[in-house]
Amino acid sequence: MPAESAAQIRLREFADENVAQFLQRYFKTGPGEYGEGDRFLGIRAPILHKVAAEFEGLTLDELDVLLQSPIHEDRLLALLILGRQYSRGNAKLRPRIYRLYLRRLKFVNNWDLVDSSAPYLVGPHLADGNPAPLYRLAKSRRVWDRRVAVLATLHFIRNDRFDVTLELARLLHQDTHDLIHKAVGWMLREVGKRNVGALCDFLDGQARFMPRTALRYAIERLPEPQRRRYLAISRQAS
């Protein structure tokens with residue numbers, strides 16, 4: 001087994017067995033659950049962000065090793081640092097970060113890892129180009145790939161572009177995984193926060209087809225009469 005890096009040694013200073021046990025339950029690491037077999041040190045997010053700032057200068061080779069660790073917090077640390085480097089990187093560095101992320105996507109294997117990376121690495125990289133990679137990811141059999149596709153569009157939404165989010169929501173309306181329903185509903189809610197008309201136009205045509213969880217997330221900020229109307233449409237369809 002390779003020696004631990006300075007970043008890993010630093011992380012282990014904050015390990016907490018009680019927190020680790022809680023996180024292993026929270027992130028569903030039991031047999032048959034979506035995070036089955038993952039291992040935690042027991043480190044909360046604020047500490048991980050602090051350590052990410054300390055080790056922001058790690059090379060991509062060092063981050064590649066960290067990203068392949070069996071320890072959840074090691075992988076999350078690598079993703080946080082990659083996000084920091086991408087936001088401050090130049091036209092040469094950013095494509096390398098994006099390619100590394102896609103190459104190691106199998107290690108981005110829980111919802112917090114996706115949510116901490118896709119909007120900051122994938123979304124910005126595709127915002128000015130062809131979003132076709134998101135549609136490919138949305139068709140993956142792997143739930144985390146599909147969640148990456150949806151969460152990446154948060155960057156689009158924040159720049160007042162809604163078409164990709166809405167198209168992915170249509171593509172994924174038959175998805176069977178609750179984590180995708182929640183992700184789709186969340187992104188639709190974000191669309192509504194910036195353009196409620198775009199959200200309502202989408203729901204007028206699609207509410208009857210949407211999973212209940214996705215719909216509830218999407219309408220959370222709408223006035224009560226509108227929420228009741230869309231829920232009624234959903235009940236009629238079911």
Step-by-step side chain to side chain contact (heavy atoms under 4.5 Å, CB included) determination, T153 to R161: CA-CA 9 Å; T153 69; R161 180 181 177 184; over 6 Å; no

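- Between H177 and W144, the ring planes lie tilted relative to each other; the angle falls in the 30° to 60° range.
- Panel note: side chain N110, backbone F27; a donor-acceptor pair is recorded below 3.5 Å.
- Scanning both residues, P95 and H125, for their nearest heavy atoms gives CA-CE1, 3.5 Å.
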Steps toward side chain to side chain contact (heavy atoms under 4.5 Å, CB included) verdict (F202, L188): CA-CA 9 Å; F202 176 84; L188 289 174; 3.7 Å; yes

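- Two residues are said to be in side-chain contact when any heavy atoms from C-beta on lie closer than 4.5 Å; Y34 and T29 fail this criterion.
- Proximity of W111 to K28: side-chain heavy atoms (C-beta onward) are nowhere separated by under 4.5 Å.
- Y135 OH: more than 12 foreign heavy atoms inside a 6.0 Å radius.
- P124 and P119 get closest at one heavy-atom pair: CD-O, 3.2 Å.
- A donor-acceptor pair under 3.5 Å is formed between the side chain of T59 and the backbone N or O of E62.
- Partner R147 forms a salt bridge (Lys or Arg N to Asp or Glu O under 4.0 Å) with one of D115, D175, D178 and no other, that one being D115.
- Atoms CG and CG, on L93 and L100 in that order, are 10.5 Å from each other to the nearest 0.5 Å.
- Hydrophobic cluster membership differs between Y120 and L82, with clusters built from Ile, Leu, Val, Met, Phe, Trp and Tyr side chains linked at under 4.5 angstrom.
- Within 6.0 Å of atom CG in D128, 12 or fewer heavy atoms from other residues, nucleotides or ligands are found, so the atom counts as exposed in its surroundings.
- Between the side chain of R208 and the main chain of I233, no donor-acceptor pair closer than 3.5 Å is present.
- A heavy-atom distance below 4.5 Å is not found between the side chains of Q226 and I219.
- To the nearest 0.5 Å, the span separating CD on E167 from CG on L134 amounts to 11.5 Å.
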Test log, rule side chain to side chain contact (heavy atoms under 4.5 Å, CB included), inputs D64 and R103: CA-CA 10 Å; D64 190 9; R103 190 165 67 248; 4.1 Å; yes

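- Within the 3.5 Å criterion, the main-chain N or O of L137 finds no donor-acceptor partner in the side chain of R146.
- Side-chain atoms of H49 do not come within 3.5 Å of backbone N or O of P46 as any donor-acceptor pair.
- Closest of all the heavy-atom pairs between L80 and S116 is CD2-CB, 4.2 Å.
- Considering only residues two or more places apart in sequence or on other chains, R189 meets the salt bridge (charged side-chain N to carboxylate O under 4.0 Å, His left out) condition with E220.
- At a threshold of 4.5 Å between side-chain heavy atoms, the hydrophobic network of Ile, Leu, Val, Met, Phe, Trp and Tyr places F55 and L48 in one connected group.
- In this structure the side chain of L63 never reaches within 4.5 angstrom of the side chain of L79, judged on heavy atoms.
- Rounded to the nearest 0.5 Å, atoms CD (E73) and CD1 (I43) are 5.0 Å apart.
- Between the CD atom in Q24 and the CD atom in E36 there is a gap of 12.5 Å [rounded to 0.5 Å].
- Here the closest heavy-atom approach between residue A118 and residue L151 is recorded as CB-CB, 4.1 Å.
- For the pair R12 and D74, the salt-bridge criterion is met [side-chain N within less than 4.0 Å of a carboxylate O].
- The line from OG of S117 to CD1 of I97 is 12.5 Å long, rounded to the nearest 0.5 Å.
- Side chain of R194 to main chain of I157: a donor-acceptor pair is present (N/O by atom type, distance under 3.5 Å, no hydrogens or angles).
- Checked by atom type and distance alone, the side chain of R94 pairs as donor or acceptor with a backbone atom of S87 at under 3.5 Å.
- The 12-atom threshold is exceeded at CZ of R142, counting heavy atoms of other residues, nucleotides or ligands nearer than 6.0 Å.
- Side-chain contact check for W186 versus V150: every heavy-atom pair is 4.5 Å or farther apart.
- Residues H72 and D112 meet the side-chain proximity criterion, which asks for heavy atoms closer than 4.5 Å.
- Distance check: S69 OG to L77 CG gives 10.0 Å after rounding to the nearest 0.5 Å.
- Panel note: side chain E56, backbone Q85; no donor-acceptor pair is recorded below 3.5 Å.
- At a threshold of 4.5 Å between non-hydrogen side-chain atoms, the residues C200 and V196 count as touching.
- Here the shortest heavy-atom pairing between Q8 and E4 reads OE1-CA, 3.4 Å.
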Full working for side chain to side chain contact (heavy atoms under 4.5 Å, CB included) between L168 and V184: CA-CA 8 Å; L168 287 175; V184 167; over 6 Å; no

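- Across all their heavy atoms, L23 and F40 have their closest contact at CB-CD2, 3.7 Å.
- Judged purely by atom type and a 3.5 angstrom limit, N159 uses its side chain to pair as donor or acceptor with the backbone of H155.
- Counting heavy atoms from C-beta outward, K50 and R10 have side chains that approach closer than 4.5 Å.
- In this structure a side-chain-to-backbone donor-acceptor pair under 3.5 Å is missing from R75 to V108.
- The environment of CD in Q174 is sparse: at most 12 heavy-atom neighbours from other residues, nucleotides or ligands sit within 6.0 Å.
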